[in-house]
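Reading through the structure tokens given below for one structure.
Note that the structure is predicted; figures quoted are calculated from it, not measured. By convention in this document, chain letters (A, B, ...) are assigned in the order of the sequence lines, proteins followed by strands, and residues within each chain are numbered from 1. Note: hydrogens, waters and symmetry copies are ignored here, and every other heavy atom, side chains too, is used.
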Amino acid sequence: MNYSSYLSSTWMRPITDFDIPEAHVLAVDDSIVDRKLIEGLLKTSLYKVTAVDSALKALEFLGVRDGCSTSLRPNAFQVNLIITDYCMPGMTGYDLLKAIKDSTALREIPVVVMSSENSPNRIESCLKEGAEEFLIKPVKISDVKRLRSYIRPPTKAPCSGSGETLGPSPICSKRKVGSLEGLQVKSNPESQPCLNGVIVA
Amino acid sequence: MTMAECKPRGPCTGCACESEEAVVKKREEFEDEALVVKKREGGEEEDEQEEDVSAAAVDGVVDVERLLQELVDLTRSLLAEEVLDQQFTQLQQLQDESNPEFVLEVVSLFFEDSERLLEELTEFLAQDPIDYVAVDAHVHQLKGSSSSIGAQKVKTVCVKFRKCCEEEDREGCQKCLEQVKQEFSLVKNKLEHMFELEQKILAAGGSLPYPEEEEY
């Protein structure tokens, strides 16, 4: 399988199906190798996986744009678990976790954070912020098996006439989604820098 | 032992139960059994093919065993020399009928991604002054992906490399870059050899000896 067919078969496919009986996991990681690994790990548990390469794309997928919670795409209600890398350029996994837990619409979605750094500060702050678990990379089969207990059952989309599934919603509710304003990078809870300022190609 | 009870594991070299005629018969029976998987019923044309296939099948059986042994030995030595670690075994466990080329896919992504990172690292280290933050970010990525596929030696050098970045040690960084390129090259060659062996085994009708998934 070549690289471009891999792309089109996985995280770049259009999001059109909403009748998802099995659990749907949103995986967020800037590393293409780790995205592939996480997909492989999750698929053996028969989860449907959407993998994105940044926290911003994750929020877009969940229906949050420009600091506002728009009428959420049905996707958000079908996501049963979010698993995110901690260290990502721009918006970190911690920022994403915070944004999700600060959002009344999204806070019920369980979030698991992954990191290669076994830092007690980092772990503690993520758990305090509401993460279900903090996994040390590399992620293994046994880690994924434990995730089952965090999967929340799918909820129904509200009857807000959100028949539209793709494209921006013209209505932006006044309620801001927590710390998403301007989607600034928040200071990390630890002194060790997380390579935030560096955008790597 | 009567002839009926005698079941030779190879061509019969004769034993007390047999006449010469029986020995010839046993030899033929053994050869037939070796062919049974490839045997086809059919006309004259296929009889000819059958003969060729039968010769190949007997050889084929031997080849698959030899290839499997080579694969097992290669994998064992890579683990023993810590070129690969148990994370690689995890990848193998994830490969199944619904995901038949998983290991090849992940590893191919690792090769492409690492080659890109190594090129960029070479450029960064050629600059003056060196942007150690950018270098460190690249090494961090390489460390992460090598760890995810179980390329242990590559990961180990990356840890050293990051220390050199922290200390802004130019020479140290150069040395680490050379080392990491060497280790990457080594693991790439070994894995490509492994994939070749796997392809040959599958082509010869064998199946891969992947580790059983552990129960949790």
**Complete:** Heavy-atom closest pair (Val139(A) atom, Gln87(B) atom, distance to 0.1 Å) is O-NE2, 3.2 Å
**Asked** Roughly how far, to the nearest 0.5 Å, is the CG atom of Asp96(B) from the NZ atom of Lys43(A)?
**Response** 11.5 Å
**Prompt:** Do you know which of Leu94(B), Ile149(B), Asn99(B) has the most heavy-atom pairs under 4.5 Å to chain A?
**Reply:** Leu94(B)
**Asked** Sub-3.5 Å donor-acceptor pair from the side chain of Gln90(B) to the main-chain atoms of Ile141(A), do we have one?
**Response** yes
**Fill in**
Scanning both residues in full, the closest heavy-atom pair of Asp34(A) with Gly144(B) reads OD1-O, 4.2 Å
**Item:** Note: Arg162(B)-Glu117(A) ion pair, threshold 4.0 Å (strictly below)
**Value:** yes
**Prompt:** Got more than 12 heavy atoms from elsewhere within 6.0 Å of CD, Gln127(B)?
**Reply:** yes
**Prompt:** Is atom NZ of Lys101(A) surrounded by more than 12 heavy atoms (other residues, nucleotides or ligands) closer than 6.0 Å?
**Reply:** yes
**Message:** More than 12 heavy atoms of other residues, nucleotides or ligands under 6.0 Å from CD of Glu192(B): yes or no?
**Reply:** yes
**Asked** Which value, rounded to the nearest 0.5 Å, describes the distance between Lys137(A) atom NZ and Ser145(B) atom OG?
**Response** 9.5 Å
**Request:** Answer yes or no: are there more than 12 heavy-atom neighbours, outside Lys181(B) itself, under 6.0 Å from its atom NZ?
**Result:** yes
**Fill in**
For Ser148(B) and Pro138(A), the nearest pair of non-hydrogen atoms, with its separation, is CA-CB, 3.9 Å
**Prompt:** Any side-chain heavy atom of Lys140(A) within less than 4.5 Å of one from Gln93(B)?
**Reply:** no
